[in-house]
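This report concerns only the one structure given below.
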Amino acid sequence: MKKLIKAREQMIQDMLAGLDIQDDTVTVIEDTVVVRAQQKQTGVAIVSGGGSGHEPAHAGYVAEGMLDAAVCGEIFTSPTPDKILSAIKSVNTGDGVLLIVKNYAGDVMNFEMAQEMAEMEDIPVEMVVARDDVAVSNVEQRRGVAGTVLVHKYAGYLAEQGQSLSEIKDQVTAFNEGIKSIGMALTAPYVPTTEQYGFDIAEDEMELGIGIHGERGISKEPMQTVDEVVQRLLDTVLKEVDAKQVVVMVNGMGGTPLSELNIVTKYTAELLDQYEIKVQYWFVGDYMTSLDMQGVSLTLAPVTDDQLTALTARSESQYFK
């Protein structure tokens with residue numbers, strides 16, 4: 001597989017250096033930590049991160065109205081506790097730091113270790129763990145996927161409003177628990193660092209319930225038409241969404257053309273209309289990808305009027321529309 005990469009060992013550093021060059025609102029420190037160039041002087045700081053390969057997540061969301069810092073691990077690999085601690089210390093204003101972490105064992109373990117180290121230095125730190133992937137039946141083991149980006153936005157908005165660390169954690173936790181996502185793949189991602197595909201899939205097959213780290217889906221099935229695919233995904237999500245007012249994210253997995261995401265949006269809208277569910281806002285595009293995987297995920301998030309205001313408020317991130 002041909003890729004525009006000089007060396008696997010410096011892929012992440014080169015990628016972030018390119019981000020630093022083009023975006024004067026962020027700065028890269030210690031090679032893999034992205035922070036706002038103009039850091040705020042007061043208020044709660046919001047920090048997220050995880051393995052790379054999900055661009056624009058998470059570094060693309062370091063911006064006014066969203067994250068204060070993002071910590072980037074190697075491809076599909078959690079960042080180390082010392083890098084996470086550096087991010088916490090770099091953006092702490094004295095009012096505390098909220099960590100937003102996807103529910104993967106390495107991420108949770110390393111962010112918890114960094115939290116403990118920060119608290120030893122008298123920095124108040126709280127954590128919210130995103131687990132929106134309904135493909136996993138055990139709620140405690142559910143993975144954090146595209147819905148994590150909505151958590152970034154909501155937390156960033158509350159922080160900009162000057163709320164306290166405990167207030168933000170409580171509100172973000174409540175919002176986070178209602179977000180539900182599920183994804184599917186037409187192709188597996190090619191992982192440059194291993195020079196392997198994430199899994200094998202035939203031309204006439206699809207994977208339902210995939211993760212974002214090249215994981216195989218919960219089931220492999222014969223390929224279906226797009227309306228049938230959307231029906232399958234929504235049927236699963238709607239078993240757990242009891243709301244008539246939602247925002248919807250149609251998320252590309254990195255290799256899906258926008259034309260196809262728009263087609264998915266059409267059939268999603270038709271089905272939700274049949275179920276008398278009102279979509280208050282659509283987010284359509286690449287938000288949480290899996291390298292070059294072809295596929296899509298659907299996220300439904302029940303919203304109050306105040307939460308809708310938060311999610312649609314202006315953000316300086318060029319990747320969050």
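Computed from a predicted structure; not experimentally measured.
Connection of Leu311 to Val237 is not established within any shared hydrophobic cluster, with ILVMFWY side chains joined at heavy-atom distances below 4.5 Å, either directly or through further cluster members. Hydrophobic clustering of Ile, Leu, Val, Met, Phe, Trp and Tyr side chains at less than 4.5 Å, counting indirect connections, unites Tyr287 with Val172. No continuous path of ILVMFWY side-chain contacts below 4.5 Å connects Val139 to Tyr104, so the two sit in separate hydrophobic clusters. If you chain together hydrophobic residues whose side chains sit under 4.5 Å apart, Val247 and Ile277 never meet in one group.
Contact record, Pro222 with Met206: O-CE, 3.7 Å, taken as the closest heavy-atom pair. Smallest separation of non-hydrogen atoms from Ala114 and Ile84: CB-CG2, 3.4 Å. Contact detail for Ala185 and Ile201: the closest heavy-atom pair is O-CD1, 3.9 Å. Pairing each heavy atom of Pro302 with each of Ala243, the nearest pair is CB-CB, 3.6 Å. Contact between Phe111 and Ser48 at its shortest, heavy atoms only, is CZ-C, 4.1 Å.
Side-chain contact of Gln231 with Asp227: a donor-acceptor pair under 3.5 Å is absent, judged by distance alone. Side chain to side chain, Gln171 and Gln163 meet the donor-acceptor criterion of an N or O pair below 3.5 Å. Defined by atom type and a distance below 3.5 Å, a donor-acceptor pair is missing between the side-chain atoms of Gln294 and Thr256.
Atom CD of Gln13 is separated from atom SG of Cys72 by 10.0 Å, given to the nearest 0.5 angstrom. Atom OG1 of Thr265 is separated from atom CD of Glu270 by 11.5 Å, given to the nearest 0.5 angstrom. Distance check, rounded to the nearest 0.5 Å: OG1 of Thr148 to CD1 of Ile100 gives 8.5 Å. Distance check: Gln38 CD to Thr27 OG1 gives 8.5 Å after rounding to the nearest 0.5 Å.
The residues Asp132 and Lys180 are annotated as not salt-bridged, no charged nitrogen and carboxylate oxygen being separated by less than 4.0 angstrom. Between Arg142 and Asp133, none of the side-chain N atoms (NZ, or NE/NH1/NH2) sits under 4.0 Å from a carboxylate O, so this pair counts as no salt bridge. Glu121 and Lys89 are joined by a salt bridge, as a carboxylate oxygen and a charged side-chain nitrogen come within less than 4.0 angstrom of each other. A salt bridge does not link Asp273 to Lys278: none of the charged side-chain nitrogens sits closer than 4.0 Å to a carboxylate oxygen. Arg232 and Glu221 are joined by a salt bridge, as a carboxylate oxygen and a charged side-chain nitrogen come within less than 4.0 angstrom of each other.
Residues meeting the ring pair (Phe, Tyr, Trp, His ring centres under 6.0 Å) test with Phe76, sequence neighbours left out: His54, His213. With sequence neighbours left out, the ring pair (Phe, Tyr, Trp, His ring centres under 6.0 Å) criterion links Phe199 to no other residue.
Note on ring orientation: taking the six-membered ring where Trp is involved, the planes of Phe283 and Tyr281 are tilted (angle from 30° to 60°).
A donor-acceptor pair under 3.5 Å is formed between the side chain of Gln245 and the backbone N or O of Val303. At distances below 3.5 Å, not a single donor-acceptor pair connects side-chain atoms of Glu160 with backbone N or O atoms of Leu158.
Shown are Asp24, Asp68, Asp23; of these, the salt bridge (Lys or Arg N to Asp or Glu O under 4.0 Å) with Arg36 is made only by Asp68.
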Using the rule given for salt bridge (Lys or Arg N to Asp or Glu O under 4.0 Å), can you reason through Asp200 versus Arg216, listing the C-alpha separation, both sets of side-chain angles and the distance that settles it, and then say yes or no?
CA-CA 8 Å; Asp200 296 324; Arg216 187 178 299 281; 5.1 Å; no

